[in-house]
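The next block holds one structure in the form of structure tokens; read it before the comments.
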Amino acid sequence: EPNTDKHPRRAFLKWLWAGLGTLAFIEVLVVMFSFLSPGKKKKTADQASAEWVDAGITDNYEPGSVTAFVQGRFYLVLLESGGFLALSNRCTHLGCSIPWESDQKKFICPCHASQFDMAGKVLTSPAPRAMDIFPVKIVNNRLFVNIASRIRRQAFHPDQLVFPDQLKLRDPQS
Ligand code: FES
């Protein structure tokens with residue numbers, strides 16, 4: 001063991017490295033903590049409501065229909081089952097926007113010809129997974145789509161469908 005009193009330069013370097021190591025460690029902690037801590041920026045009520053796009057009354061949609069919302073970059077789909085789904089218009093292959101081909105009843109990507117069915121399920125690759133969806137909520141028979149919260153999914157699942165509140169549609173006399 002070298003006597004640090006006799007080697008002041010070595011002692012100084014030792015302290016320097018220890019100090020730098022501690023700083024790096026603290027920096028890692030700070031970065032980790034900033035990832036873990038919940039969003040610092042609180043959204044205002046205005047911002048939060050701007051994320052929910054009003055898609056109109058549920059009765060305006062025909063079962064088996066696909067309606068494009070160009071501004072919101074999504075399609076509102078009403079399946080024959082009566083369930084609603086909001087599909088992102090971006091291809092899950094490389095992100096091209098995908099038109100709905102109503103005559104073929106498919107989404108066909110113009111870039112590399114991936115095809116998806118009405119529920120966004122992949123029919124033809126190279127698309128690796130089903131079209132992304134956005135949360136849908138129905139309030140008093142009015143549809144709202146949250147365009148700020150894209151949801152990735154591997155495949156279509158019936159749980160993803162949103163149904164109008166049947167109780168509200170029922171005749172109160174019966
Ligand atoms: Fe759609 Fe490639 S981007 S198939």
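Counting convention: from 1, in listed order, for ligands and their atoms alike. In what follows, every heavy atom counts, from backbone to side chain, and hydrogens, waters and symmetry copies are set aside.
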| When you look at Phe107 and Ser114, which way does the side-chain contact (heavy atoms from CB on, under 4.5 Å) test go after all the steps? | CA-CA 8 Å; Phe107 293 95; Ser114 285; over 6 Å; no
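Checking side-chain atoms of Arg142 against main-chain N and O of Thr58 turns up no donor-acceptor pair under 3.5 Å.
The aromatic rings of His93 and His112 sit perpendicular, their planes meeting at an angle over 60°, well past the 30° parallel limit.
The disulfide (SG to SG under 2.5 Å) pairs that include a residue from residues 67-101 are Cys96-Cys111, where partners are two or more places apart or lie in different chains.
Protein N/O/S atoms found under 2.8 Å from atom 2 (Fe) of ligand 1: His93 ND1, His112 ND1.
The two residues Phe116 and Ala127 make their nearest non-hydrogen contact at CZ-CB, 3.4 Å.
In the hydrophobic clustering of this structure, Ile151 groups with Leu85; members are Ile, Leu, Val, Met, Phe, Trp, Tyr whose side-chain heavy atoms approach within less than 4.5 Å, directly or through other members.
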